[in-house]
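So the structure is just underneath, and the comments pick up after that.
Keep in mind that what you see is a predicted model, and the values were worked out from it rather than measured.
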Amino acid sequence: MSAFNPGQLVLSLLVTLIGQSTLQAQVPCEQSVVPNPLALDGDFGQSLDYDGDTLAIGMPTVSFSPGYTCIYRRTTAGLELQALLQAPDGKNADLFGWSVALEGDRLLVGRQSDGALNSKGSVYAYQRQESGLWTMIQKLTNNKPGIWAFCAAMSIDGNRVAITAKSTGLSPRGRVYIFELENGLWVEKAEVGPSLDDNDDWFGASVALQGDRLVVGAPKNGTGRAYVFDRQANGAWVEQALLTPPIVNPTGDEYGGAVELDGDTVVVGSIGHDLPVLNNGAAFVYRLGPTGWALEQKLTLENSPIIPRFGYSLELQGDDLFVSAPTDFTQYQSSGFVYRYTRSATSWNLVGKFEASAPAMGRWFGSKLARNGTELAISAPALGTTFPGKVHLFALNPSTHLEASKGQVSTSAGGTQPLQLAACSEHAGDFYLLLGTLSGTAPVLPLGSLDLPLVPDAYTQFTLAFPNSPLLSASLGQLDPWGRANASLVLPPGSAPSFVGQTAHHAFVVLDQTSLALESVSNPTPVLLAP
């Protein structure tokens, strides 16, 4: 009797199933995971910003080391690490990466500590060059009396950035400083303060900037507050509204710990809000109308564990709102969830609940949120633990997705291209098969109503006939409970020189675990076979 060959079985299935594929609706799901590149305890994901194809992740609390900021850029292969930044004058425990603000080729990184009590803080401005290198062009500081933690929060929009600073209790108290880009350098244009200038209100704990509008949170000294400012023609920022919750709690609501802004909508997080449950948390949505800013809706959790911190982080784009609760849980304490709401007319409705793949205790999934349009980045820095932290990427308009963390492998030295396969939790337990080609991605190979974006060749036949080979490990298997799997292309040292300069592409198919019907096909991911 001949030995069982799973590759031949799958080949037979693919031939049989042409014309039998089924299409399934998908909901937003985890597309990939960005691990801590240094595998160090450092609150990887303490800060986060995502713009276009670039993701900035702060890791400020690395033990016995200055902090880092990690820059990733999406290529045709996937999200690749582009730079590991540290302050050129860094010190151990300097909290470099406490805050980040990214737009296009411009990046600002906050460093909260200089090693002194009530550290002034500073902000480092970087510019990405055509080569892809990030060059520091400027260090911003603030030496005004009473100011510390200059970089507590930041928000960038175009050629303007808002940088907040806390207070030592002396005058001036917490402030927001507006900088604008002139001749390639950031120039301070305005200092913004609140109408209720309390000594310990933490004005500037959160900030959101869009165009000529600014929202600032002040979550301490009572219930907390949020302020809306508009820029006037003369450049002055004038307070337009002082926002407070409809029911004021004397202490501990932390209203204003997070703020978000898009057009005429403002959202304010209040992680300690006590209704309907003690320390339940809430997010308050305000809208600008003919008579000014008015509360549109209060969002909260109906059933939650003690102190879920709902409203800890916010991300708003149009009528789409994400609210995090990083210590919420159903099984693992403080594993965290993120909730998605959409607005219809004036009503916000819960439409989704996001959970990290492989949740675990103390991960704080949802500590920071950042959206680039089609993807939502959610950090899980595991605050207060030795876990190195992760950032989870969710596709908001998902398809079965294949992603690599590097785009080339050396044939002479050998190397590995790690591959992440994602098909959403609806495909949990389904079979997957990873295929390859050296002949490009067009024309596609029709498989019923689906198209496999690989041109069949001898390498395709090899990946069919010999799944889970040393060359393409874990290429055939079952998706985990989150619809995910990991595989690798592994080139041994001294691979055939004839492959140098060629580009291999891989894609995977998903087969129903019961009927073996072909359900979905991924995108192709390239890898350059370098010398």
Side-chain angles (χ1 to χ4, degrees), residues 153 155-157 160 162 164 173-176 178 190-198 201-250 253-275 281-300 310-323 339 341-349 369 371:
S155 181
I156 189 171
D157 188 33
R160 184 178 293 152
T164 77
R173 290 147 186 161
R175 291 291 183 265
V176 178
I178 307 297
E191 178 184 281
V192 181
S195 56
L196 297 179
D197 206 3
D198 287 350
D201 63 359
W202 282 27
F203 177 83
S206 58
V207 66
L209 171 70
Q210 187 182 70
D212 291 330
R213 181 159 290 156
L214 177 73
V215 182
V216 185
K220 294 295 186 180
N221 199 10
T223 294
R225 299 181 284 268
Y227 297 84
V228 182
F229 300 86
D230 282 351
R231 184 178 182 274
Q232 309 302 302
N234 63 0
W237 292 82
V238 176
E239 186 177 314
Q240 303 295 311
L242 168 59
L243 306 178
T244 58
I247 299 177
V248 176
N249 183 18
D253 270 12
E254 296 195 38
Y255 173 97
V259 295
E260 185 62 307
L261 163 69
D262 191 13
D264 292 336
T265 302
V266 165
V267 187
V268 182
S270 177
I271 64 171
H273 187 71
D274 290 336
L275 296 174
F284 296 85
V285 184
Y286 298 85
R287 202 168 189 178
L288 181 61
T291 60
W293 290 92
L295 180 66
E296 184 173 64
Q297 192 169 339
K298 169 188 164 183
L299 307 176
T300 190
F310 180 81
Y312 191 90
S313 188
L314 307 166
E315 180 65 38
L316 173 67
Q317 190 173 103
D319 296 325
D320 204 10
L321 170 65
F322 297 87
V323 182
Y339 296 85
Y341 298 83
T342 58
R343 177 167 51 190
S344 176
T346 60
S347 176
W348 290 86
N349 302 296
L369 308 176
R371 180 177 178 175

Is H273 close to E254 at the side-chain level, that is, under 4.5 Å between some pair of heavy atoms?
no
A side-chain contact here means heavy atoms from C-beta on lying under 4.5 Å apart; do V192 and L214 qualify?
yes
Report the C-alpha separation of V215 and V207 in whole Å, then their side-chain angles, then the decisive distance to 0.1 Å, and conclude whether the side-chain contact (heavy atoms from CB on, under 4.5 Å) test is met.
CA-CA 6 Å; V215 182; V207 66; over 6 Å; no
Heavy-atom side-chain proximity of L209 to R231 below 4.5 angstrom
no
Is it the case that the side chains of E239 and S195 hold a donor-acceptor pair, with the cut-off being a distance below 3.5 Å and no angle test?
yes
Is there a side-chain contact between Y286 and V228 (heavy atoms, below 4.5 Å)?
no
Flag the pair V268 / Y255 as yes when at least one side-chain heavy-atom distance between them is below 4.5 Å, and no otherwise.
yes
Quick one: does Y227's side chain get under 4.5 Å of L243's, heavy atoms only?
no
Are Q317 and D262 close enough that a side-chain donor and a side-chain acceptor fall under 3.5 Å?
no
For the atom pair CG (L321) and CG (N349), what is the distance rounded to the nearest 0.5 Å?
11.5 Å
Shortest non-hydrogen contact from A241 to W293?
CB-CD1, 3.6 Å
SB check D264 R287 (cutoff 4.0 Å):
no
Verdict with supporting geometry, I178 and R160, side-chain contact (heavy atoms from CB on, under 4.5 Å):
CA-CA 7 Å; I178 307 297; R160 184 178 293 152; 3.7 Å; yes
Distance-minimising heavy-atom pair for T164 and G204:
OG1-O, 2.6 Å
Side-chain contact, heavy-atom cut-off 4.5 Å: L314 with V259?
no
With no hydrogens and no angle check, do the side chains of E296 and W348 hold a donor and an acceptor under 3.5 Å apart?
yes
CA sep, side-chain torsions, deciding dist, call: D157, R213, side-chain contact (heavy atoms from CB on, under 4.5 Å)
CA-CA 10 Å; D157 188 33; R213 181 159 290 156; over 6 Å; no
Shortest non-hydrogen contact between T300 and F310, atoms and distance
CA-CE2, 3.7 Å
Considering all heavy atoms, the nearest F322-L369 contact
O-CD1, 3.8 Å
Please check if the side chain of D201 supplies one atom and the backbone of K220 the other of a donor-acceptor pair under 3.5 Å.
no
Between G174 and P194, which heavy-atom pair has the shortest distance, and what is it?
O-CD, 4.2 Å
Is it true that R225 and D253 make a salt bridge, defined as a side-chain N closer than 4.0 Å to a carboxylate O?
no
Please determine if R371 and E315 form a salt bridge, counting it only when a charged side-chain N lies under 4.0 Å from a carboxylate O.
no
Supply the atom-to-atom distance T265 OG1 to E260 CD, rounded to the nearest 0.5 angstrom.
10.5 Å
Does a salt bridge link R343 with D320, judged by any charged N lying under 4.0 Å from a carboxylate O?
no
Where do L295 and V285 come nearest, in terms of heavy atoms and distance?
CD1-O, 3.4 Å
Check: W237 and D230 side chains under 4.5 Å, non-hydrogen atoms:
no
